[in-house]
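This report concerns only the one structure given below.
No experiment lies behind these values; they were computed from the predicted model shown. Residue numbers start at 1 and run along the sequence shown.
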Amino acid sequence: MQDEHISLDHGSGGRLSHELVTEQLLPLFDNPILSRMDDGAALVIDGVHLAFSTDTFVVDPLFFPGGSIGELAVNGTVNDLAMCGAVPLYLGMGLIIEEGFSQGTLMEVLTAMRRAAQRAGVQVVTGDTKVVPRGAVDKLFINTSGIGRIPKGRHLSSDAAKPGDAVLLSGTMADHGMTILNAREKLAFSGEMASDTAALHDLVAAIFSVTADVHVLRDPTRGGVGTALGEIAARSRVGIDIREANLPVNGPVAGMCDLLGIDPLYVANEGKLLAFVAPEVAGDVLAAMRSHPLGRGAVVLGQVVAEHPGKVYMNTRIGGRRIVPMLTGEQLPRIC
């Protein structure tokens with residue numbers, strides 16, 4: 001391993017990313033909290049249940065239809081806390097700025113971050129700034145860390161999916177990733193296309209307003225829905241069956257994916273969530289999601305099964321059945 005090199009594939013959120021974390025990083029820092037491999041760490045300090053998470057954002061371009069690196073930095077960490085069941089409270093912000101970067105552009109990014117934090121109801125309470133020589137970083141990278149409070153009775157983890165659970169998705173796939181690709185490469189695809197970046201904690205609150213019987217929440221960012229499902233199946237040692245006919249994709253995004261040969265199952269999302277809930281409450285949860293602005297397009301993707309543990313299968317539109325592996329390779333680097 002010491003003679004091998006890191007490739008872009010290791011940052012894809014797919015299989016190589018998973019192997020890097022589980023085979024190299026986790027053994028070095030292993031502890032009961034980290035080994036849960038969730039979007040954030042669930043902590044208990046003096047009887048108070050908290051969630052802590054950190055994320056780094058390197059998206060290119062910095063501004064794109066529907067958002068910017070500023071919104072992503074806030075929304076991404078808010079969402080990681082929300083996927084732990086937490087109410088987000090506070091953020092820390094770290095900036096790595098390239099020498100020569102425009103101060104005006106920096107203020108645009110920071111202003112977007114402030115607006116996103118205000119919308120999410122969180123405060124930026126600490127931070128750090130570093131400036132590096134030209135070429136040592138590409139324009140601007142942002143790290144955000146967050147702390148939130150987990151209300152009593154919420155116990156979520158990627159290893160908690162159970163046979164019979166309904167698998168729900170809050171809306172269309174691949175909006176963010178294909179928007180970034182279109183903007184970066186100046187492909188000029190026609191039709192309405194914009195990133196779905198959004199803070200999902202209010203949608204999570206809507207789900208918990210109808211039931212506490214929620215087992216897993218996950219925002220399928222890098223690696224997309226397909227990889228997120230594969231990770232949950234592996235962690236929970238269950239199988240997952242989904243239906244291709246139920247996969248929601250916006251028309252322009254679907255057309256772009258078809259033309260470029262990209263599977264929307266593996267494209268990043270920044271404002272969608274997967275929810276694994278007990279079957280008897282699935283209808284109520286789906287209704288609650290659809291009543292929220294960020295869940296109007298919610299669907300039931302499929303269900304958790306006891307068969308084929310660790311694997312995801314899809315029933316296709318033509319009556320076939322195929323395995324859905326985790327993403328292999330890097331479809332598009334610097335997506336978030």
Check whether [X] and [Y] end up in the same hydrophobic cluster, where Ile, Leu, Val, Met, Phe, Trp and Tyr are linked by side-chain heavy atoms less than 4.5 Å apart.
X	Y	result
Met289	Leu156	yes
Val324	Phe276	yes
Leu229	Val300	no
Val299	Val267	yes
Val238	Met37	no

- Item | Qualifying residues under ring-ring contact (aromatic ring centres under 6.0 Å, His included), relative to Tyr313, sequence neighbours excluded | His308

Main-chain N/O of [Y] paired to [X] side chain as donor or acceptor, under 3.5 Å:
X	Y	answer
Arg235	Ser158	no
Glu99	Val131	no
Asn182	Ala188	yes

By side-chain contact (heavy atoms from CB on, under 4.5 Å) - contacts of [X] (at least two apart):
X	answer
Ala116	Glu71, Val74, Asn75, Arg119
Thr328	Arg15
Leu25	Val21

Min side-chain heavy-atom separation [X]-[Y] under 4.5 Å:
X	Y	result
Lys130	Asp128	yes
Phe64	Leu72	yes
Asp202	Leu294	no
Pro333	Arg184	yes
Pro279	Gln303	no
Tyr266	Cys257	no
Leu274	Val216	no
Pro88	Asn79	no

- Query: In this structure, which one of Ile262, Leu181, Thr179 forms a side-chain contact (heavy atoms from CB on, under 4.5 Å) with Met256?
  - Reply: Leu181

- Which of these, Ile142, Ile180, Leu140, sits in a side-chain contact (heavy atoms from CB on, under 4.5 Å) with Val59? Ile180

Just checking [X]: does its [atom1] atom have more than 12 heavy atoms from other residues, nucleotides or ligands closer to it than 6.0 angstrom?
X	atom1	result
Arg322	CZ	yes
Lys139	NZ	yes
Ile318	CD1	no

Give me the other members of the hydrophobic cluster that [X] sits in, counting Ile, Leu, Val, Met, Phe, Trp and Tyr linked by side-chain heavy atoms under 4.5 Å, directly or via other members.
X	result
Val305	none
Ile6	Leu20
Val125	Leu89, Tyr90
Leu81	none

Please give me the minimum heavy-atom distance between [X] and [Y], naming the atom from each residue.
X	Y	answer
Met314	Arg243	CG-C, 4.3 Å
Asn269	Gly224	ND2-CA, 4.1 Å
Ala161	Ile232	CB-CG2, 4.1 Å
Cys84	Ala51	CB-CB, 3.9 Å
Val78	Ala120	CG2-CB, 4.1 Å
Ala206	His292	CB-CD2, 4.5 Å

Quick one: side chains of residues 104-111, donor-acceptor pairs under 3.5 Å with protein atoms, not counting sequence neighbours, listed by atom name and distance.
residue: Thr105; atom: OG1; partner: Ser102; partner atom: OG; Å: 3.3
residue: Thr111; atom: OG1; partner: Met107; partner atom: O; Å: 2.7

- Task: Check the side chains of Asp55 and Thr144 for a donor-acceptor pair under 3.5 angstrom, ignoring hydrogens and angles.
- Result: no

When rounded to the nearest 0.5 angstrom, what distance separates [atom1] in [X] from [atom2] in [Y]?
X	Y	atom1	atom2	value
Phe101	Asp138	CZ	CG	9.5 Å
Glu244	Arg321	CD	CZ	13.0 Å
Thr54	Asp80	OG1	CG	9.0 Å
Phe208	Leu217	CZ	CG	5.5 Å
Arg36	Asn31	CZ	CG	11.5 Å
Thr77	Phe52	OG1	CZ	9.5 Å

- Query: Going by the salt bridge (charged side-chain N to carboxylate O under 4.0 Å, His left out) test, which pairs reach into residues 274-303, not counting sequence neighbours?
  - Reply: none

- Pairs involving residues 206-230, ordered by first then second residue, that meet salt bridge (charged side-chain N to carboxylate O under 4.0 Å, His left out) (sequence neighbours left out): Asp39-Arg218, Arg218-Glu231

- Task: Determine, step by step, whether Met83 and Leu200 satisfy the side-chain contact (heavy atoms from CB on, under 4.5 Å) criterion, reporting the C-alpha distance in whole Å, the side-chain angles of both residues, the deciding distance to 0.1 Å, and the verdict.
- Result: CA-CA 9 Å; Met83 297 308 106; Leu200 296 169; 4.3 Å; yes

- Yes or no on side-chain contact (heavy atoms from CB on, under 4.5 Å) for Leu332 and Met178, after CA distance, side-chain angles and deciding distance? CA-CA 9 Å; Leu332 184 65; Met178 300 314 291; over 6 Å; no

Compile the donor-acceptor pairs under 3.5 Å between side chains in residues 165-176 and protein atoms, sequence neighbours left out, one pair per line.
residue: Asp165; atom: OD1; partner: His215; partner atom: ND1; Å: 3.1
residue: Asp165; atom: OD2; partner: Lys162; partner atom: N; Å: 2.9
residue: Asp165; atom: OD2; partner: His215; partner atom: ND1; Å: 2.8
residue: Ser170; atom: OG; partner: Leu273; partner atom: N; Å: 2.9
residue: Thr172; atom: OG1; partner: Asp175; partner atom: OD2; Å: 2.6
residue: Thr172; atom: OG1; partner: Asn250; partner atom: ND2; Å: 3.4
residue: Asp175; atom: OD1; partner: Asn250; partner atom: ND2; Å: 2.9
residue: Asp175; atom: OD2; partner: Lys272; partner atom: NZ; Å: 3.4
residue: His176; atom: ND1; partner: Ser195; partner atom: OG; Å: 2.8
residue: His176; atom: NE2; partner: Ile335; partner atom: O; Å: 2.7

- Determine, step by step, whether Leu265 and Leu247 satisfy the side-chain contact (heavy atoms from CB on, under 4.5 Å) criterion, reporting the C-alpha distance in whole Å, the side-chain angles of both residues, the deciding distance to 0.1 Å, and the verdict. CA-CA 8 Å; Leu265 264 174; Leu247 296 176; 4.2 Å; yes

- Query: What do the steps show when you test Asp38 against Ser157 for side chain to side chain donor-acceptor pair (under 3.5 Å), and what is the final call?
  - Reply: CA-CA 6 Å; Asp38 291 327; Ser157 181; 3.0 Å; yes

